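Note that ligands are numbered from 1 as they come in the structure, with each ligand's atoms numbered from 1 the same way. Because the structure is a prediction, the values reported are computed rather than measured. Atoms considered below: every heavy atom in the structure, side chains included; atoms not considered: hydrogens, waters and symmetry mates.
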Amino acid sequence: MSTYETARELAPFTAPRHDWSLDEILTLYRQPLNDLLSRAHSVHRGCFDPNRIQLSTLVNIKSGGCPEDCAYCPQSVRYKTGVDSEALMSCEQVLAEARRAKASGASRFCMGAAWRGPKEKDIDRVAEMISGVRELGLETCVTLGMLKPGQAERLKNAGLDYYNHNLDTSESFYSSIISTRTYQERLDTLQRVRDAGINVCCGGIIGMGESVDDRAALLQTLACLPRQPESVPINTLVKVAGTPLAGEEDADPIELVRTIACARILMPRAYVRLSAGRTGMSDSTQALCFYAGANSIFYGEKLLTTENPQFSKDKALFARLGLVADTDEASGMALADQNH
Ligand code: SAM
Ligand code: DTB
Ligand code: SF4
């Protein structure tokens, strides 16, 4: 079959739909795994080169001491997790980290802050970081919590490409995970980001004790936004001692694969990121996630406060699977060799 015919055949599946019903998503999610994978992978191939993976590197620019009560989070001031509260990093420190990320092969630099939301003076400082990171030739992303009117515009003016703000789970399960802010407040921030012309990065977490219905409802909410997010991080809960969710059962890797496959089918043009939780995953699980449609990862030894695979481990994984970073030449160069 020619590429053209393939594209035509796939057209009905690769145009984003915004009217998914919960039943349709549950039917997709629960079908035999081979059928789900086959459809997700076809959609993936119709929209992306399946062997190219986008790499984002995270830095925690303001660690710990957060007043919110997100039950999964080691940075909440309410839980004894050993994460100290630190001041906002200096711009020079952040730029040093960004240079390192770029040298390692990342294309995007994501700066996270343990805030309920930024104050006006925080926006000034983060804006300076955004401009500096952009000048290095990296895409910029920040995750700063809830935004007030006008703040997204200021970030956009500084050169911000993406804002990460996760819905985390379904609206109905959300209140058993977070009590200090509402689902609607999260949606309001996403709307402000969208209105300012910034790309939206929004996803969730699996393994918090949620049901399949909750996962399907989260994906439904994301897919049915007026415009689908450009980036959809799917995190597996990192169980941190001292947080209320530390004793949760391990998420089933096949459920993760099913969630990613459904995200790919529902949001065909989004980058679906296999996010937190990779240190506990086998190469085979990650390979299945990439086959199901994941095409982005966090790259670097640390997430915000917890571990992420070493650079060398990811380089070996990419070599084993024949994957390349989206910063590499189309000829398929392997990840730049770094002495990490
Ligand atoms: N404070 C800001 C906020 O909550 O929007 C930004 C940082 S917050 C740590 C960003 C996201 O990281 C959360 O929404 C959640 O999805 C994810 N996250 C935090 N702790 C996690 C954990 N233990 N396991 C998996 N994902 C986690
Ligand atoms: C996202 O969806 N996952 C990242 C990023 N966006 C900010 C954060 C994962 C955090 C995992 C726990 C930690 O390292 O503290
Ligand atoms: Fe604070 Fe964000 Fe952690 Fe919630 S997820 S406690 S808002 S840092």
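Remark: the Gln54 side chain and the Ser107 side chain contain an N/O donor-acceptor pair separated by less than 3.5 Å. Between the side chains of Glu68 and Ser76, no donor N or O sits under 3.5 Å from an acceptor N or O. In summary, the side chains of Glu153 and Asn157 do not present any donor paired with an acceptor at a separation below 3.5 Å, with no hydrogens or angles considered. When only modelled atom types and interatomic distance are considered, Glu120 and Gln151 share a side-chain donor-acceptor pair under 3.5 Å. Between the side chains of Glu139 and Asn199, no donor N or O sits under 3.5 Å from an acceptor N or O. Counting only N and O atoms by type, the side chains of Arg278 and Gln286 include a donor and acceptor under 3.5 Å apart. Of the N and O atoms on the side chains of Gln310 and Asp314, not one donor lies less than 3.5 Å from an acceptor on the other residue. Residues Ser211 and Asp214 have side chains that bring a donor and an acceptor to within less than 3.5 angstrom of each other.
At a heavy-atom distance under 4.0 Å, no atom of Glu68 approaches ligand 1. Contacts between Asp168 and ligand 1 below 4.0 angstrom, taking non-hydrogen atoms only, involve the side chain exclusively. Only the side chain of Arg181 comes within 4.0 Å of ligand 3, judged by heavy-atom distances. Residue Arg186 touches ligand 1 through its side chain alone, judged by heavy-atom distances below 4.0 Å. When heavy-atom distances to ligand 2 are checked against a 4.0 Å cut-off, Val240 has no atom that comes that close, whether in backbone or side chain. Looking at Asn164 against ligand 2, only its side chain comes within 4.0 Å, counting heavy atoms. Neither the backbone nor the side chain of Cys201 has a heavy atom within less than 4.0 Å of ligand 2. Only the side chain of Pro233 comes within contact range of ligand 2, with a heavy atom under 4.0 Å; no backbone atom does. The parts of Val238 lying near ligand 1 are both backbone and side chain, judged by heavy-atom distances below 4.0 Å.
The nearest protein atom to atom 10 (C) of ligand 2, hydrogens excluded, is given as Leu304 CD1, 4.0 Å; this is a heavy-atom distance. The protein heavy atom nearest to atom 27 (C) of ligand 1 is Ile205 CD1, 3.8 Å. Atom 4 (C) of ligand 2 has as its closest protein heavy atom Phe298 CE1, 3.6 Å. The protein atom (non-hydrogen) at minimum distance from atom 11 (C) of ligand 1 is Asn166 ND2, 3.7 Å. Summary of contacts: the protein heavy atom closest to atom 4 (Fe) of ligand 3 is Cys70 SG, 2.3 Å. Looking only at heavy atoms of the protein, atom 3 (N) of ligand 2 is closest to Asn235 OD1, 2.9 Å. In terms of protein heavy atoms, atom 12 (C) of ligand 2 is closest to Thr306 OG1, 3.7 Å. Among all non-hydrogen protein atoms, the one lying nearest atom 7 (C) of ligand 1 is Thr143 OG1, 3.9 Å. At the top of the distance list for atom 15 (O) of ligand 2, counting protein heavy atoms only, stands Thr305 OG1, 2.7 Å. Scanning the protein for heavy atoms near atom 20 (N) of ligand 1, the closest one is Tyr72 CD1, 3.3 Å.
Annotation: cation-pi pair Arg273/Phe298 present, NZ/CZ under 6.0 Å from the ring centroid and within 45° of its normal.
Backbone or side-chain N, O or S atoms of Cys73 reach atom 3 (Fe) of ligand 3 at under 2.8 Å. Among the atoms of Cys66, no N, O or S atom falls under 2.8 Å of atom 4 (Fe) of ligand 3.
Within the structure, ligand 1 lacks Gly112 among the residues with a heavy atom less than 4.0 angstrom away. Within the structure, the closest approach of Thr236 to ligand 1 falls below 4.0 Å when heavy atoms are considered. The shortest separation from a heavy atom of Gly112 to ligand 2 is not under 4.0 Å, leaving the residue out of contact.
Atoms of ligand 2 found under 4.0 Å from any heavy atom of Pro74, numbered from 1 in the order shown, are 15 (O). Of all the atoms in ligand 3, the ones that sit under 4.0 Å from a non-hydrogen atom of Tyr72 are 5 (S). Residue contact check: Thr143 has heavy atoms under 4.0 Å from atoms 7 (C) of ligand 2. Distances below 4.0 Å separate heavy atoms of Leu237 from the following atoms of ligand 1: 24 (N), 25 (C). Each of the following atoms of ligand 1 lies closer than 4.0 Å to a heavy atom of Arg181: 4 (O). Taking every non-hydrogen atom of Leu304 and a distance limit under 4.0 Å, the qualifying atoms of ligand 1 come out as 9 (C). With ligand atoms numbered from 1 in the order given, ligand 1 contributes 1 (N), 2 (C), 6 (C) to contacts under 4.0 Å with heavy atoms of Ala113. Residue contact check: Ala114 has heavy atoms under 4.0 Å from atoms 8 (S) of ligand 3.
Between Glu24 and Arg17 there is a salt bridge, since at least one side-chain N of the basic residue sits less than 4.0 Å from a carboxylate O of the acidic one. Using a 4.0 Å cut-off between charged nitrogen and carboxylate oxygen, Arg215 and Glu210 count as a salt-bridge pair. Between Arg108 and Asp161 no salt bridge is recorded (no basic side-chain N to carboxylate O distance below 4.0 Å). A salt bridge between Arg30 and Asp213 is present, with a side-chain N of the basic residue lying under 4.0 Å from a carboxylate O of the acidic one.
Counting non-hydrogen atoms of neighbouring residues, nucleotides and ligands closer than 6.0 angstrom, the CZ atom of Arg116 exceeds 12 such neighbours. More than 12 heavy-atom neighbours from other residues, nucleotides or ligands sit within 6.0 angstrom of CD on Glu248. Atom NZ of Lys148 sits in a crowded spot, with more than 12 heavy atoms from other residues, nucleotides or ligands closer than 6.0 Å.
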List the steps, then state whether side chain to side chain contact (heavy atoms under 4.5 Å, CB included) holds for Phe290 with Ile297. CA-CA 10 Å; Phe290 295 130; Ile297 56 169; 3.9 Å; yes
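The structure places CG of Leu222 at 9.0 Å from CG of Leu266, a figure rounded to the nearest 0.5 Å.
Taking any N or O of Asn166, backbone or side chain, at least one lies under 3.5 Å from an N or O belonging to ligand 2.
In this pair, Tyr291 and His41 present their aromatic rings parallel. The plane angle is below 30°, not in the 30 to 60° band.
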